Peer 1: 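Quick one: structure below, then a few questions.
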Amino acid sequence: MFITATMATEPTSEQAKSVRFLPFQSIADPSFWLDHNSKKLNDLKLSEEGVPLWGYFGVSNAGMKNASSTGDASSLNVLPEMRFHVSDAAIRRNEAIRTCGKIYSLNTVESFKKCDKNKFLNEANLPSLLSCCGVQSGKNGRNDDKDVDPNIGLIPSTCITYCDLKSNMTVYWFAFPALTPRPGCGIAYSSESSSPQCYISQVWGAEKCRELSKSFHRFRIEQERQFSKDESTVWCPPFFILLEDPMECLPMNKQTYDSLTDAEKQQIIFGFVDPSSTPRSSIDDGTDGNALAVGWTLRNLVAYTSLRLGLGGSNVKFLSFRPTFLRRISNSETSELDSCVNGDDDVAGETDSDESLLLDVKIPLASDYQWPSNDATLADQNENSLKYRCVGWELNKKNKPGPRSVDLRPLVSPSHLARQANDLNLRLMKWRALPSLDVDRLSELKVLVLGAGTLGCSVARTLLGWGVRNITFVDSGRVSYSNPVRQSLFGIEDCRDGGKYKAVAAAESLSAIAGPDVKAEGVVLTIPMPGHSFGGGKDGATEIELVRKDVERLHELFERSDAVFLLTDTRESRWLPTVMALATDKPLINSALGLDTWLVMRHGPSSALLSSTVKTPDTKKLGCYFCSDIVAPENSTRDRTLDQQCTVTRPGLAPIAASMATELMIAMFHHPLRNCAPAPERKDGNANTYTPVDDGSSGSSSALGLLPHQIRGTVVTYTMMTPTVPAFPSCTACSERVVEEYKKSRFEFVKCVCCDLDGSYLEAVSGLAQFREEAARKLDEYMDWDDVECDD
């Protein structure tokens, strides 16, 4: 496929023949699209602004020579490739020509379809192209004060895309913008030349071609030496000025051109590294009617010579430089320039330049690039960008103007697809609804779930929805046939042969649901409970050792976790986790169910953590699950009927409570104080008003809303309230004396508490017994005083 800069009418034998250009074809690796889709999801979001687009191309003459020698006609006239890749500043391919541009990611497929592509191309690229060519808005239409490097400005690239992040499909359309003359004008070969296009080997001979190659190699080394000192985008210079006598390659810019003498300007040749190539077998001699198509980069170079250098209307010689290949220049070559170029050996690849072409081109006038405006309202506006036009949209596989698409699903692993799909909802939240949502932090959280029953299964599924991937279950029970209908991570297969351990089955189910990216672990252990004595039988020593290991293992799990959910069945099973959470300073979310009521609460932090985190002196410590009790926890399953031993609850409660518990934890991790965040104050100071309103001014406000201490709900009246209960100094679980005693002796303390059947030991340690005695004494005093008052 060739593109011709056509004249107004079909040229006659006396007219100049139009120059044919071979456009680029885009090649983008899958890693490029995966990287771009990731940037759209995580960084660009709703922005449609252009972001840097880096590409590169090289010479392909080696492949063409092979095709010529083998007669492989299918390889003839192959479009030169412009490759796009994930930009890495550490990689410098000085054997290739680099292009820079912008890629625009549109938000909807409708906007992609409705976009005026030609208008978009002009608006996105004309300012930079015209600036490089010395054209700007103003009276004289020129900018002679600033010289933009043509090696950068004349090889732009543009891409518009629509990324379907759900289906991993990307629609895209690349363009390689080039200034084009208005209709009736064009880029043509000189009619005054008998051979407007010919091989340099036919004109110069082998020795002079070798001098050209050595001169260009020296030029590359000099440029590499200069550009390696900064972060220039230039690799191999795409353009150069060539002087024949003596043979010398010079940088392409206006400053270099203006420094030449009149005699040097007479022999000047403008060179460009031509990525296109056509084997000799496909033409006769490169003259008369068989002119070869040349590289697309010549279009902007011609415009530069007309607009910037003022050569419009004159005949100018161009060199389509087509070496066999360009090799990478090493650091040693930049320091040993003379020995690298003047040696006896060939300059590898660049010596064989006999496929290069000399072109004699008639340069269009500067006015030929100005198009008449079709908008009458713009007639009086002096904006040069309205007078110029770009072309360059790539053709699709059907050789017609249109976009292409890429399906990334077969190119990525199932685990990657699973993770991306799982995170999609969260990443989209960050676009508009919750910009401060810390998805990465949530994915790194290590969550410990105590209890793999109805609440535990629901909490784990909700955690997956929030992107939490590291979940550890603790449970000693097995899956029974009554579980799967209420506990969403289990199936009938888990109940066979006595049932799998719940913790293990739940972990396996999570991995099956969300893929191998989820790190789910099931730990089978029994949590020691107050009133549940152990070690009294004939195997007492063995039992004691097993419980000791369970306590140490559970403590280890607390230390390595970032948050804990306490979702066990009985009241007394919550005591040890409450103590451990305070001893290890881990945030703990507690949830419990009744028949038609539910509770979710966050336990307050230790006094030491609170005082070191919150500097406000009047900050009160929040209470725990046991702070409202005036008795120690005891064996709640003793002398109970089956309906009293089981958690009999309405089926809809568990999902509600589990969701509330998970939301509370996620919000807590978006508060700067984490679990030290205060509870919200009651509205208007009214003790009867429990429902807070978040206007963002409360110290309890997080990025996701307020952080209540407790949430109590009922499905009888379908209401909720959010009370705040301060810590009880003599609490049997969270009081400082209990926590310190646990830290001091750990298992021995747990053993004493569990083997004390009436709870008196724990009440004595916590100070609860003394508190009750003092309360009784106060009550007696009150009653005595009341009696005296009555006697009077």
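Note that this is a predicted model, so its numbers are computed, not measured. Residue indices begin at 1 and follow the sequence shown.
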Peer 1: Please tell me if the side chains of N37 and L165 come closer than 4.5 Å, counting only heavy atoms from C-beta onward.
Peer 2: yes

Peer 1: So S730 and S735, do their side chains get closer than 4.5 Å, heavy atoms only?
Peer 2: no

Peer 1: So, H709 side chain and M601 main chain: donor-acceptor pair closer than 3.5 Å or not?
Peer 2: no

Peer 1: Check for a donor-acceptor pair, side chain of T649 on one end and backbone N or O of G594 on the other, with a separation under 3.5 Å.
Peer 2: yes

Peer 1: Verify side chain to side chain contact (heavy atoms under 4.5 Å, CB included) between V447 and T472, making sure each step is shown before the conclusion.
Peer 2: CA-CA 6 Å; V447 178; T472 300; over 6 Å; no

Peer 1: Check whether more than 12 heavy atoms from other residues, nucleotides or ligands sit under 6.0 Å from atom NZ of K430, and answer yes or no.
Peer 2: yes

Peer 1: When rounded to the nearest 0.5 angstrom, what distance separates CZ in F749 from CD in E741?
Peer 2: 6.0 Å

Peer 1: Please indicate whether K446 has more than 12 foreign heavy atoms, meaning atoms of other residues, nucleotides or ligands, lying under 6.0 Å from its NZ.
Peer 2: no

Peer 1: Among all residues two or more places apart in sequence or in another chain, which pass the side chain to side chain contact (heavy atoms under 4.5 Å, CB included) test with Q770?
Peer 2: none

Peer 1: Looking only at heavy atoms, which two atoms of L653 and L595 are closest? And how far apart?
Peer 2: CD2-O, 3.9 Å

Peer 1: Distance from L706 atom CG to S700 atom OG, nearest 0.5 Å?
Peer 2: 5.0 Å

Peer 1: Taking atom CZ of R432 as the centre, does the number of heavy atoms from other residues, nucleotides or ligands within less than 6.0 Å exceed 12?
Peer 2: no

Peer 1: Which atoms form the tightest heavy-atom contact between V738 and S766, and what is the distance?
Peer 2: CG2-CB, 3.6 Å

Peer 1: I'd like to know if the side chain of W431 and the backbone of L41 have a donor-acceptor N/O pair within less than 3.5 Å.
Peer 2: yes

Peer 1: Kindly indicate whether the side chain of V614, heavy atoms from C-beta on, has any atom under 4.5 Å from the side chain of L673.
Peer 2: yes

Peer 1: Ignoring hydrogens and geometry, is there a side-chain-to-backbone donor-acceptor pair from D438 to R441 under 3.5 Å?
Peer 2: yes

Peer 1: Hey, mind stepping through M665 and L445 against side chain to side chain contact (heavy atoms under 4.5 Å, CB included) and telling me if it holds?
Peer 2: CA-CA 11 Å; M665 189 214 77; L445 285 180; 3.9 Å; yes

Peer 1: Taking the side chain as everything from C-beta on, heavy atoms only, tell me whether V600 gets closer than 4.5 Å to N590.
Peer 2: no

Peer 1: Is E763 reaching over with its side chain to a backbone N or O of A632, donor-acceptor style, under 3.5 angstrom?
Peer 2: yes

Peer 1: Which pairs pass side chain to side chain donor-acceptor pair (under 3.5 Å) with one or both residues in residues 654-671, sequence neighbours excluded?
Peer 2: W466-E663

Peer 1: Between K40 (side chain only) and K45 (backbone N and O only), is there a donor and an acceptor less than 3.5 Å apart?
Peer 2: yes

Peer 1: Run the salt bridge (charged side-chain N to carboxylate O under 4.0 Å, His left out) test on R548 and E545 for me, step by step, so that the C-alpha distance in whole Å, both residues' side-chain angles and the decisive distance to 0.1 Å come before the verdict.
Peer 2: CA-CA 5 Å; R548 183 193 301 274; E545 188 59 30; 3.6 Å; yes

Peer 1: Show me the pairs that pass side chain to side chain donor-acceptor pair (under 3.5 Å) and involve residues 576-588, at least two apart or across chains.
Peer 2: D585-S606

Peer 1: Inspect the contact between R571 and D629 and indicate whether a charged nitrogen and a carboxylate oxygen are less than 4.0 angstrom apart.
Peer 2: yes

Peer 1: Does the T597 side chain pair with the main chain of L593, one donor and one acceptor, at a distance under 3.5 Å?
Peer 2: no

Peer 1: Show the numbers, then the answer: is there a salt bridge (charged side-chain N to carboxylate O under 4.0 Å, His left out) between K751 and D756?
Peer 2: CA-CA 8 Å; K751 179 183 175 184; D756 179 34; over 6 Å; no

Peer 1: If only atom types and distance count, is the side chain of S611 paired as donor or acceptor with the main-chain N or O of A608 below 3.5 Å?
Peer 2: yes

Peer 1: Kindly give the heavy-atom pair with the smallest separation between L450 and P577, and that separation in Å.
Peer 2: CD1-CB, 3.5 Å

Peer 1: Looking at F669, does the NZ or CZ of R674 lie under 6.0 angstrom from its six-membered ring centre and within 45 degrees of the ring axis?
Peer 2: no

Peer 1: Could you state the interatomic distance from CG (L455) to CG (L566), rounded to the nearest 0.5 Å?
Peer 2: 10.0 Å

Peer 1: Going by the rule ring-ring contact (aromatic ring centres under 6.0 Å, His included), which residues pair with F565 if we only count those two or more places apart in sequence or in a different chain?
Peer 2: none

Peer 1: Does a side chain donor of either D539 or T542 reach within less than 3.5 Å of an acceptor in the other side chain?
Peer 2: no

Peer 1: Looking at every heavy atom in both F626 and P633, which two are closest together, and how far apart are they?
Peer 2: CE2-CB, 4.0 Å

Peer 1: Can you tell me how far apart CG (D164) and CG (L408) are? Round to the nearest 0.5 Å.
Peer 2: 10.5 Å

Peer 1: Excluding sequence neighbours, so at least two apart, what forms ring-ring contact (aromatic ring centres under 6.0 Å, His included) with F771?
Peer 2: F728

Peer 1: Any chance CG of D43 has more than 12 other-residue heavy atoms, nucleotides or ligands included, within less than 6.0 Å?
Peer 2: yes

Peer 1: Below 4.5 Å, heavy atoms only, C-beta onward: do I471 and V518 meet side chain to side chain?
Peer 2: no

Peer 1: How far does SG of C755 sit from CG of L757, to the nearest 0.5 angstrom?
Peer 2: 7.5 Å

Peer 1: How about N483 and S480: does a side-chain donor come under 3.5 Å of a side-chain acceptor?
Peer 2: yes

Peer 1: Compare every heavy atom of F490 with every heavy atom of P484, then report the nearest pair and how far apart it is.
Peer 2: CB-O, 3.7 Å

Peer 1: Are S488 and R461 linked by a side-chain donor-acceptor pair shorter than 3.5 Å?
Peer 2: no

Peer 1: Does one side chain, of N675 or R602, offer a donor that lies under 3.5 Å from an acceptor on the other?
Peer 2: no

Peer 1: Please tell me if the side chains of Y742 and H555 come closer than 4.5 Å, counting only heavy atoms from C-beta onward.
Peer 2: yes

Peer 1: Tell me, with the steps shown, if S607 and E736 meet side chain to side chain donor-acceptor pair (under 3.5 Å).
Peer 2: CA-CA 8 Å; S607 299; E736 294 184 18; 2.8 Å; yes

Peer 1: SG of C754 to CG of L576: how many Å apart, nearest 0.5 Å?
Peer 2: 7.0 Å

Peer 1: Carefully, step by step, assess H603 and Y625 under the rule side chain to side chain contact (heavy atoms under 4.5 Å, CB included).
Peer 2: CA-CA 7 Å; H603 287 190; Y625 185 71; 3.6 Å; yes

Peer 1: Could you tell me whether E552 and R746 make a salt bridge, using a distance below 4.0 angstrom between a side-chain N and a carboxylate O?
Peer 2: yes

Peer 1: Give the minimum heavy-atom separation between D596 and R650, together with the two atoms involved.
Peer 2: CB-CD, 3.7 Å

Peer 1: Measuring only between side-chain heavy atoms, which start at C-beta, is D550 closer than 4.5 Å to I527?
Peer 2: no

Peer 1: Side chain of S561, backbone of L557: donor and acceptor closer than 3.5 Å?
Peer 2: yes

Peer 1: Would you mind reporting whether P587 and P605 have side-chain heavy atoms less than 4.5 Å apart?
Peer 2: no

Peer 1: Any pair with a residue in residues 512-523 that passes side chain to side chain donor-acceptor pair (under 3.5 Å), sequence neighbours left out, goes on the list, sorted by first then second residue, please.
Peer 2: R419-D517, R469-D517, E521-R553, E521-R560

Peer 1: Please check if the side chain of T462 supplies one atom and the backbone of A658 the other of a donor-acceptor pair under 3.5 Å.
Peer 2: no

Peer 1: Evaluate the criterion side chain to side chain donor-acceptor pair (under 3.5 Å) for residue pair T570 and S573; output intermediate values, then yes/no.
Peer 2: CA-CA 5 Å; T570 62; S573 64; 3.1 Å; yes

